[in-house]
Amino acid sequence: MDETRDYETILAALQEIEAEVRACTACALHKGRTRAVPGEGPVNAEIMFIGEAPGRNEDQQGRPFVGQAGQLLQELLDEIGLTRNDVWIGNVVKCRPPGNRDPQPEEIAACAGYLERQIDLLQPKLIATLGRFSMEKFFPGARITRVHGKAKRDGTRVLIPLFHPAYVLRNMAAMPDAIRDIRKIPRLLDRLEQVLAEEAAGIAVPPEPEAPPEEPEQLSLF
Ligand code: URA
Ligand code: SF4
């Protein structure tokens with residue numbers, strides 16, 4: 001808990017966004033939805049996982065990542081001692097595209113404001129993107145096969161692109177990388193805290209010592 005933040009007001013604002021999303025008709029996806037999926041997590045979440053769009057199970061339950069991909073996400077969170085109740089989980093697009101087709105640019109644009117407001121309210125220390133459309137928002141032009149697991153600092157937070165769990169389920173060969181990538185998160189948070197404290201104290205931050213060869217990208221962007 002950050003004592004300087006008014007969690008009651010933040011929670012009320014988050015709930016207001018959820019209500020807006022559930023009633024939203026700003027793009028054509030509202031026509032086919034059973035339920036919109038605003039996203040969920042504790043008001044003091046330090047980590048946000050941002051996926052693509054709801055699938056069939058999510059559309060039925062109104063909750064993100066509750067199908068097979070969600071099961072794998074939970075298993076990956078286990079790797080770092082977290083459960084889905086410890087983190088915020090949501091999507092760039094809040095309503096299910098018909099037949100799980102890709103969200104269209106105009107749908108992503110129409111929906112973007114909700115996620116941006118959620119990020120502004122939650123002020124996460126780390127945002128992990130899951131999938132192409134979420135990555136594109138934070139790492140424009142990046143290719144997941146090249147940048148997965150490579151963190152980048154963005155002001156007072158860290159961004160890290162991860163494989164989408166649904167992709168890992170279709171390509172089990174990606175599993176070791178998916179596990180290695182998520183295991184970086186605790187160290188990234190520690191390192192961020194250290195760097196921010198040093199900067200606040202006016203101490204010049206020395207460059208990272210050379211990373212071990214199996215993790216050449218690990219905190220090199222800090
Ligand atoms: N895939 C996503 O991108 N989001 C969900 O909520 C579920 C599956
Ligand atoms: Fe509104 Fe987003 Fe749903 Fe489109 S996808 S109707 S913009 S909440």
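Just so you know, ligand 1 is whichever comes first in the structure, and atom 1 is the first atom listed for that ligand.
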Mind listing the closest non-hydrogen atom pair of P103 and F133 along with its distance? CD-CE1, 3.8 Å

Below 4.0 Å from any atom of ligand 1, is there a heavy atom belonging to G131? no

Checking salt bridge (Lys or Arg N to Asp or Glu O under 4.0 Å) for the pair D102/R132: CA distance, chi angles, key distance, verdict? CA-CA 10 Å; D102 286 348; R132 210 151 37 102; 3.0 Å; yes

Do H164 and F49 have ring centres separated by under 6.0 Å? no

Heavy-atom pair with the smallest gap, counting every atom of V92 and C111: O-CB, 3.7 Å

Assess the residue pair M135 and I144 against the criterion (side chain to side chain contact (heavy atoms under 4.5 Å, CB included)); give the C-alpha distance rounded to whole Å, side-chain angles, the decisive distance to 0.1 Å, and a yes or no. CA-CA 8 Å; M135 181 180 69; I144 189 67; 3.8 Å; yes

In the protein, what heavy atom is nearest to atom 2 (Fe) of ligand 2, and what distance, to one decimal place, separates them? C111 SG, 2.3 Å

Closest by any non-hydrogen atom to atom 2 (C) of ligand 1: pick that one out of A69, A53, G51, G70. A53

Name the closest protein heavy atom to atom 4 (N) of ligand 1, giving the residue it belongs to and the distance to 0.1 Å. N91 OD1, 2.7 Å

So which heavy atom in the protein is nearest atom 1 (Fe) of ligand 2, and how far is it from that ligand atom? C24 SG, 2.2 Å

Taking all non-hydrogen atoms of both residues, which atom of G90 and which atom of P64 are closest, and how far apart? CA-CB, 4.3 Å

Nearest protein heavy-atom contact for atom 3 (Fe) of ligand 2: which residue, which atom, what distance? C95 SG, 2.3 Å

Heavy-atom proximity to atom 6 (S) of ligand 2, best of R96, R22, H30, E20: H30

Taking 4.0 angstrom as the limit and counting only heavy atoms of P64, give me the atoms of ligand 1 inside it, by number and element. 6 (O)

Among all protein heavy atoms in this structure, tell me which lies nearest to atom 4 (Fe) of ligand 2, with the distance rounded to 0.1 Å. C27 SG, 2.3 Å

Between H164 and ligand 1, is there a nitrogen or oxygen pair with a distance under 3.5 Å? yes

Between D190 and Q194, do the side chains contain a donor N or O and an acceptor N or O under 3.5 Å apart? no

Report the C-alpha separation of Q74 and D78 in whole Å, then their side-chain angles, then the decisive distance to 0.1 Å, and conclude whether the side chain to side chain donor-acceptor pair (under 3.5 Å) test is met. CA-CA 6 Å; Q74 176 61 74; D78 282 346; 3.2 Å; yes

Got an N/O contact under 3.5 Å between F65 and ligand 1? yes

Using a strict 4.0 Å cut-off to heavy atoms of E52, name the atoms of ligand 1 that fall inside it. 2 (C), 3 (O)

Using a strict 4.0 Å cut-off to heavy atoms of A110, name the atoms of ligand 2 that fall inside it. 7 (S)

Can K94 be said to sit on top of Y114's aromatic six-ring, NZ or CZ under 6.0 Å from centre and within 45° of the ring axis? no

